[in-house]
A.B. asks: 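Dropping a structure here in structure tokens format, bear with me for questions.
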Amino acid sequence: MISANLLAIFYLISGILFILALRGLSSPETSRQGNLFGIIGMAIAITVTFLSIDNFSSGFLYVILFLLVGGSIGAFIAFKIPMTAMPELVAGFHSLVGLAAVFVAISAFLSPEVFNLGSLGNIKLASLIEMSIGAAVGAITFSGSIIAFLKLRGLMSGSPITFPGQHILNLLILISIIILTYFLCLNQSPNFFWSLIAISFLVGFLLIIPIGGADMPVVISMLNSYSGWAAAGIGFTLENTALIITGALVGSSGAILSYIMCKGMNRSFFNVILGGFGGTDQTSSKTSKEQKPVKSGNADDAAFLMKNASSVIIVPGYGMAVAQAQHALREMVDSLKKNGVKVSYAIHPVAGRMPGHMNVLLAEANVPYDEVFELEEINNDFANCDVAYVIGANDVTNPVAKTDPQSPIYGMPVLDVEKSKSVLFVKRSLSPGYAGIDNDLFYRDNTLMLFADAKKMTEDIIKNL
Amino acid sequence: MEIDPFIFRLSIFILSIFVGYYVVWSVTPSLHTPLMSVTNAISSVIIVGAIIASLAGSSLSVFNQSSIFGFLAIVLAAINIFGGFLVTQRMLAMYKKKKKDKK
């Protein structure tokens with residue numbers, strides 16, 4: 001049993017350790033230490049919570065039991081999960097944070113006396129509002145993340161699902177949430193509380209279904225942010241500093257990532273959230289697609305070109321993740337390096353399905369992180385590079401974004417792949433990318449299309465090197 | 001006149017948003033995926049609320065309406081804590097190995 005003041009100080013310490021955990025991620029060297037700070041912070045928060053309990057009833061044993069059950073499931077998942085499944089794992093974890101927030105809020109609503117918030121039906125007004133916010137945001141995070149998870153896992157179509165009146169429906173639901181919260185505060189009827197949670201689940205669902213697969217980096221970041229705000233809401237209810245600090249950190253972290261992702265696509269946040277991108281453009285581009293001449297080659301040609309190059313830039317995209325081609329890619333780069341070719345990697349901010357997705361996959365394949373560059377760092381180098389090897393990326397290389405103001409992706413920062421002497425474009429077909437527009441790059445004189453699966457083509461090139 | 005403790009919590013909250021803002025901008029883009037998994041893990045500090053909630057029952061009946069929700073929340077948060085930190089550790093280890101490779 002420790003005093004409430006001491007308890008608050010320990011929660012503050014764990015909050016600070018969480019800040020240091022994020023601070024560590026500013027460079028790969030300090031990141032592991034940062035993660036350790038995070039673990040220590042968590043251990044402190046849990047330990048002092050145990051110490052603050054005065055009656056060690058049999059319930060305590062169950063707490064330990066459930067903690068271990070959850071912990072082993074989590075550890076099992078963490079060790080088993082392949083790196084390519086990281087986006088859906090993160091989405092799945094977000095849903096758990098959201099649901100946990102909902103459960104804690106329900107528990108606090110049903111037994112407010114345990115948290116010193118008043119008594120059932122007579123909860124302090126401020127606590128009730130905080131609790132409602134925590135529960136509502138938590139529920140939105142939960143159902144939204146489940147949809148994101150299903151889309152990323154491929155269990156649900158990645159294409160946007162839209163229907164007429166969607167935005168008006170969302171607006172009406174948001175208004176009804178506010179009205180419900182108001183009535184909940186007036187008479188504290190549990191029915192209002194349950195309806196509030198049910199409707200919030202619906203919002204999360206409706207919010208994510210119109211958003212397509214390639215916008216997932218924004219969605220995941222946004223849900224990351226929501227899970228933080230939900231935690232902060234609960235933190236206010238429970239008057240817990242660690243939870244408030246963490247919630248604010250996670251909330252702003254997710255918001256910044258969403259901003260970076262939107263900027264990477266030159267789209268506003270609302271544009272992404274309102275969804276339906278690519279639906280109408282797809283039809284218009286199909287009509288304009290004529291049989292323009294395309295040069296296609298095989299692994300032998302590609303190997304010849306790259307072997308005789310002095311510098312090669314690799315441009316990976318989501319297709320590399322799907323084909324699990326990162327290891328083959330690394331092998332190819334190794335043999336190129338043996339031939340004295342200088343190789344670097346160019347990563348677009350929205351390549352893949354989540355922020356930093358490509359970097360993790362390349363790291364998994366043992367690519368040194370100082371060979372991997374961000375868009376701004378490397379974009380000028382394409383002009384001096386002999387071969388650009390585009391593997392699984394499409395829209396992020398489309399020169400149309402710079403030239404055609406009519407294009408839906410106009411203004412989006414793209415990698416200047418076409419400036420390199422020759423472009424090797426690994427793709428299964430000439431089909432347009434996610435934005436539904438034709439890639440001008442396919443028809444350039446200096447482009448050689450390699451029609452094959454990313455992994456298979458890369459392996460074939462290795463044989464020919 | 002006394003200041004409502006809520007104002008203190010609000011101050012902490014707002015200052016933390018600012019801290020978060022500056023700290024997260026300094027995170028290198030190549031570590032954005034570990035950033036998401038670690039923020040996942042730390043937001044599961046919500047488990048402290050779950051622990052308190054789960055002890056709402058009396059010693060006679062451990063499981064009542066509200067403690068059951070507490071126990072469920074403990075399981076969910078624990079999955080996240082262990083899963084989040086361990087998977088972050090796994091990812092960061094890969095980044096580190098590179099450096100040794102290079103030398």
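All values reported here derive from a predicted model rather than from experimental measurement. Residue numbering restarts at 1 for every chain, and letters A, B, ... go by the order of the sequence lines.
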A.B. asks: Could you look at B:Val48 and say if it's the side chain, the backbone, both or neither that has a heavy atom under 4.5 Å from chain A?
C.D. replies: both

A.B. asks: At a heavy-atom separation under 4.5 Å, does A:Tyr259 approach chain B through its side chain, its backbone, both, or neither?
C.D. replies: side chain

A.B. asks: Can you tell me which portion of B:Ile81 sits under 4.5 Å from chain A's heavy atoms? Options are side chain, backbone, both or neither.
C.D. replies: side chain

A.B. asks: Please determine, among A:Glu371, A:His94, A:Met354, A:Met42, the option with the most heavy-atom pairs under 4.5 Å with chain B.
C.D. replies: A:Met42

A.B. asks: For the candidates B:Thr39, B:Thr88, B:Leu86, which exhibits the highest count of non-hydrogen atom pairs separated by less than 4.5 Å from chain A?
C.D. replies: B:Thr39

A.B. asks: Under 4.5 Å heavy-atom distance to chain A, tell me which part of B:Leu35 shows up: side chain, backbone, both or neither.
C.D. replies: both

A.B. asks: Is it the backbone or the side chain of B:Leu10 that comes under 4.5 Å from a heavy atom of chain A, or both, or neither?
C.D. replies: both

A.B. asks: Which donor-acceptor pairs under 3.5 Å do the side chains of residues 241-248 of chain A make with protein atoms, sequence neighbours left out?
C.D. replies:
from	atom 1	to	atom 2	distance (Å)
A:Thr246	OG1	A:Ala242	O	2.5

A.B. asks: Report the option among A:Val372, A:Ile106, A:Ile220, A:Val48 that has the most heavy-atom pairs separated by less than 4.5 Å from atoms of chain B.
C.D. replies: A:Ile106

A.B. asks: Going by atom types alone, do B:His32 and A:Asn359 pair a side-chain donor with an acceptor below 3.5 Å?
C.D. replies: no

A.B. asks: At a 4.5 Å cut-off on heavy atoms, which part of A:Ile19 comes close to chain B: side chain, backbone, both, or neither?
C.D. replies: both

A.B. asks: Measuring heavy-atom distances to chain B, does A:Leu99 have an atom under 4.5 Å in its side chain, in its backbone, in both, or in neither?
C.D. replies: both

A.B. asks: Determine all donor-acceptor pairs shorter than 3.5 Å in which one atom belongs to a side chain in residues 62-77 of chain A; sequence neighbours excluded.
C.D. replies:
from	atom 1	to	atom 2	distance (Å)
A:Ser72	OG	A:Leu68	O	2.4
A:Ser72	OG	A:Val69	O	3.4

A.B. asks: Go through the atoms of A:Ile260 and report whether side chain, backbone, both or neither lie under 4.5 Å from a heavy atom of chain B.
C.D. replies: side chain

A.B. asks: Relative to chain B, which segment of A:Ser31 carries a heavy atom at a distance below 4.5 Å: side chain, backbone, both, or neither?
C.D. replies: both

A.B. asks: Taking every non-hydrogen pair under 4.5 Å, which of A:Phe79, A:Tyr11, A:Phe103, A:Phe93 racks up the most with chain B?
C.D. replies: A:Phe93

A.B. asks: Do A:Phe18 and A:Phe37 have their ring centres less than 6.0 Å from each other?
C.D. replies: no

A.B. asks: I'd like to know which of B:Val45, B:Val87, B:Val27, B:Val23 tops the heavy-atom pair count under 4.5 Å against chain A.
C.D. replies: B:Val45

A.B. asks: Given a strict heavy-atom distance threshold of 4.5 Å, which part of A:Ser221 is in contact with chain B: side chain, backbone, both, or neither?
C.D. replies: both

A.B. asks: Examine whether an atom of A:Ile234 lies under 4.5 Å from a heavy atom of chain B, and if so say whether it belongs to the side chain, the backbone or both; otherwise answer neither.
C.D. replies: side chain

